[in-house]
Amino acid sequence: MPAVVLLGAQWGDEGKGKATDLLGGRVDYVVRYQGGNNAGHTVVIGDQKFALHLLPSGILTPTVTSVIGNGVVIDPEVLLRELAGLKERGVETGKLVISANAHLITPYHVTLDKTIERFLGNAKIGTTGRGIGPTYGDKVARLGIRVQDIFDPSILRQKVEGALAHKNQVLIKVYNVRAIDPDAIVDSLLEYAEILRPYVTDTALLLNTALAEGKTVLLEGGQGTLLDVDHGTYPFVTSSNPTAGGACTGSGIGPTRITRVIGILKAYTTRVGSGPFPTELLDADGERLRTIGGERGVTTGRPRRCGWFDAPIARFATRVNGLTDFFLTKLDVLTGFEQIPVCVAYEIDGMRHDEIPMTQTDFHHAKPIYEMLPGWSEDISGVRTFEDLPANARAYVKFLEDISGAPMSAIGVGQDRNATIVINDLIN
């Protein structure tokens, strides 16, 4: 049975939560495979809005087992606060499982994140300050603290002391910041041991067993393709791999198990934080997209930078992820624009580039080459079939499909979980 990957095809914030929630009732497991509480998904059910930061979107579907995979970094305080918030609203969270191999964000990771970002000044990356980067850095440097470590106090103390032996020297001598007490860190982490123990398991074994039994697994990425640490607009990226390859390493599921890769694609483009953004609008149209689209970060509340649709980015996402389908979101936000520009290529130093340039320098200098498409004025929020969309809206979707390299299999036309046009079945 299928393992389906669902990921962001731009700079994140494309509406992955809505897509995951839409499919949630038809899958058995929803797996978050990378990132931490630096990402956010908004899911609207009826008159209720749920903002999820660390938990998989499947947590809102009672029949689904939600999995936090080994590729995720977990702030235990944030996790428990999010679980408590859902329980207060009547959401059952007992089917959550957590990988024993996932790494923990500690208070010293948060301190380092905020201190380093502040020290960078105008050269800052635009991180959320939640300790994500330093935690992944420790993971790669083999100094990390894993979930399983909090069940062995002696191992935990050894690892914390080892990590802080160097970090405290850096904090004191480089950043003039007070040293962090390892005993306080160990004590705080041990407090979570018995609370988290019922959730923790070998999730890679669980998921592979489920697939062997004919169950369906949905792998959910945070952020987006252009924020991938290897394939994104480095260094203005996250510290993990939101791309399809990250779904395998972050879950323990082999690549031959994956049968479909769905890219979530907004009908225009947004990003949060610093870095190149060729189609960014610093005018009334950009503010209009931001206002109508509710473009503020779910996790940080920061206003998102807004711009027109960028086809070279969509084609890039198709290539590096092996996308089989697109889920186009927020088409309704474009209603009322007389004309809608679409970036089909870039101009760099007088030359046309149909694809994302190889170097960061060139991408910073890229200017969009637009084709103009006619807009529509009809309200499309109640439309549920492609044929019922206004002719110009259909033409816009078809143009994006042709220029992006994969079929538009579903279209979001509003915030509600039911405000979706399904063209092709995304599971079978």
*Minimal non-hydrogen separation, Gly252 against Asn208, with atom names*: O-ND2, 2.9 Å
*Please identify each residue that fulfils side chain to side chain donor-acceptor pair (under 3.5 Å) with Asn101, with sequence neighbours left out.*
Arg146, Gln148
*Main-chain N/O of Arg271 paired to Arg305 side chain as donor or acceptor, under 3.5 Å*: no
*Any salt bridge between Asp149 and Lys159, counting N to O under 4.0 Å?*
yes
*Run the side chain to side chain contact (heavy atoms under 4.5 Å, CB included) check on His109 and Ile132 step by step: do they pass?*
CA-CA 7 Å; His109 291 124; Ile132 310 298; over 6 Å; no
_If I take atom NZ from residue Lys266 and atom NZ from residue Lys330, how far apart are they, to the nearest 0.5 angstrom?_
4.5 Å
*Sidechain N-carboxylate O distance under 4.0 Å for Arg130, Asp113*: no
*Can you tell me how far the CD1 atom of Ile356 sits from the OG1 atom of Thr233, to the nearest 0.5 Å?*
8.5 Å
*Could you walk me through whether Leu219 and Val217 pass the side chain to side chain contact (heavy atoms under 4.5 Å, CB included) check?*
CA-CA 6 Å; Leu219 298 147; Val217 175; 4.3 Å; yes
*Taking side chain as C-beta onward, heavy atoms only, is Leu7 less than 4.5 Å from Ile262?*
no
*With a cut-off of 6.0 Å (strictly less than), are more than 12 heavy atoms of other residues, nucleotides or ligands near OH of Tyr175?*
yes
*Can you name the side chain to side chain donor-acceptor pair (under 3.5 Å) partners of Thr385, sequence neighbours left out?*
Asp388
*Quick one: closest heavy-atom pair of Ser66 and Ile59, and the distance?*
OG-N, 3.0 Å
*asked:* Return the CD to OG1 distance between Gln34 and Thr249, rounded to the nearest 0.5 Å.
replied: 9.0 Å
_Within the 4.5 Å heavy-atom criterion, are Tyr33 and Val5 side-chain neighbours or not?_
yes
*Passes side chain to side chain contact (heavy atoms under 4.5 Å, CB included), Tyr136 versus Val73? Steps please.*
CA-CA 7 Å; Tyr136 276 115; Val73 290; 3.7 Å; yes
*Would you name the heavy atoms of Leu289 and Cys306 that are closest together and state the gap between them?*
CB-CB, 4.1 Å
*asked:* Using every non-hydrogen atom in the two residues, find where Met351 and His353 come nearest and quote the distance to one decimal.
replied: O-CD2, 3.4 Å
_Leu211/Tyr29 under side chain to side chain contact (heavy atoms under 4.5 Å, CB included): CA gap, chis, key distance, verdict_ = CA-CA 10 Å; Leu211 288 168; Tyr29 294 80; over 6 Å; no
_Heavy-atom side-chain proximity of Asp354 to Arg315 below 4.5 angstrom_ = yes
*Using modelled atom types only, decide if a donor and an acceptor are shared between the side chain of Thr324 and the backbone of Val261 within a distance under 3.5 Å.*
yes
*Under 3.5 Å, side chain of Glu220 to main-chain N/O of Ser57, donor-acceptor pair present?*
yes
_For Pro56 versus Val67, what's the shortest heavy-atom pair and its separation?_
CG-O, 3.4 Å
*Looking only at non-hydrogen atoms, find the nearest pair between Thr269 and Trp308 and report the distance.*
OG1-O, 2.9 Å
_Counting C-beta onward and ignoring hydrogens, is there a side-chain heavy-atom pair between Glu378 and Val383 closer than 4.5 Å?_
no
*Donor-acceptor pair, Ser409 side chain versus Phe326 backbone, under 3.5 Å?*
no
*asked:* Enumerate the ring-ring contact (aromatic ring centres under 6.0 Å, His included) contacts for residues 253-276, please, sequence neighbours excluded, ordered by first and then second residue.
replied: none
*Rounded distance [0.5 Å steps], OG1 in Thr279 versus CD1 in Ile313*: 6.5 Å
_Does any part of the side chain of Asp138, heavy atoms only, come nearer than 4.5 Å to the side chain of Thr106, both counted from C-beta?_
no
*Atom CG of Asp362 and atom CD1 of Ile348: how far apart are they, to the nearest 0.5 Å?*
5.0 Å
*How long is the span from the CG atom in Leu373 to the CZ atom in Phe309, to the nearest 0.5 Å?*
11.0 Å
*Residue pair Asp75 / Thr135, side-chain heavy-atom distance below 4.5 Å*: no
*Could you tell me whether the side chain of Asp283 and the main chain of Asp285 form a donor-acceptor pair under 3.5 Å?*
yes
_Measuring only between side-chain heavy atoms, which start at C-beta, is Gln360 closer than 4.5 Å to Pro235?_
yes
*Is Glu191 reaching over with its side chain to a backbone N or O of Leu189, donor-acceptor style, under 3.5 angstrom?*
no
*Do other residues, nucleotides or ligands put more than 12 heavy atoms under 6.0 Å from the CZ atom of Arg89?*
yes
_Non-hydrogen side-chain atoms of Thr65 and Asp28 separated by less than 4.5 Å_ = no
*Are Tyr346 and Phe363 close enough that their ring centers fall under 6.0 Å?*
yes
*Quick check: does any side chain N or O of Gln10 sit under 3.5 Å from a backbone N or O of Thr270, one acting as donor and the other as acceptor?*
no
_Working for side-chain hydrogen bond (donor to acceptor under 3.5 Å, both in side chains), residues Asp228 and Asn241_ = CA-CA 5 Å; Asp228 187 279; Asn241 295 106; 3.0 Å; yes
*Any ion pair linking Arg319 and Glu355 (charged N to carboxylate O, less than 4.0 Å)?*
yes
*Kindly check if the number of other-residue, nucleotide or ligand heavy atoms within 6.0 Å of CE (Met372) is above 12?*
yes
Side-chain atoms of residues 333-345: list all donor-acceptor pairs with protein atoms under 3.5 Å, sequence neighbours left out, distances to 0.1 Å.
{"residue": "Thr335", "atom": "OG1", "partner": "Asp332", "partner atom": "O", "Å": "3.1"}
{"residue": "Thr335", "atom": "OG1", "partner": "Trp376", "partner atom": "NE1", "Å": "2.9"}

_salt bridge (Lys or Arg N to Asp or Glu O under 4.0 Å) pairs, two or more places apart, involving residues 57-73_ = none
_Backbone of Met408 reached by a side-chain donor or acceptor of Glu401 within 3.5 Å_ = yes
Show me the side-chain donor-acceptor pairs of residues 200-207 shorter than 3.5 Å, one per line, residues at least two apart or across chains.
{"residue": "Asp202", "atom": "OD1", "partner": "Ala204", "partner atom": "N", "Å": "3.4"}
{"residue": "Asp202", "atom": "OD1", "partner": "Leu205", "partner atom": "N", "Å": "3.1"}

*Backbone of Arg304 reached by a side-chain donor or acceptor of Arg290 within 3.5 Å*: yes
*asked:* Apply side-chain hydrogen bond (donor to acceptor under 3.5 Å, both in side chains) to residues Glu287 and Thr291 and explain how you reach the verdict.
replied: CA-CA 6 Å; Glu287 186 56 41; Thr291 301; 3.3 Å; yes
*Please confirm whether the backbone N or O of Ile264 pairs with a side-chain atom of Lys16, one donor and one acceptor, at under 3.5 Å?*
no
*Distance only, no hydrogens: is a donor on one side chain within 3.5 Å (strictly under) of an acceptor on the other, for Ser251 and Asn70?*
no
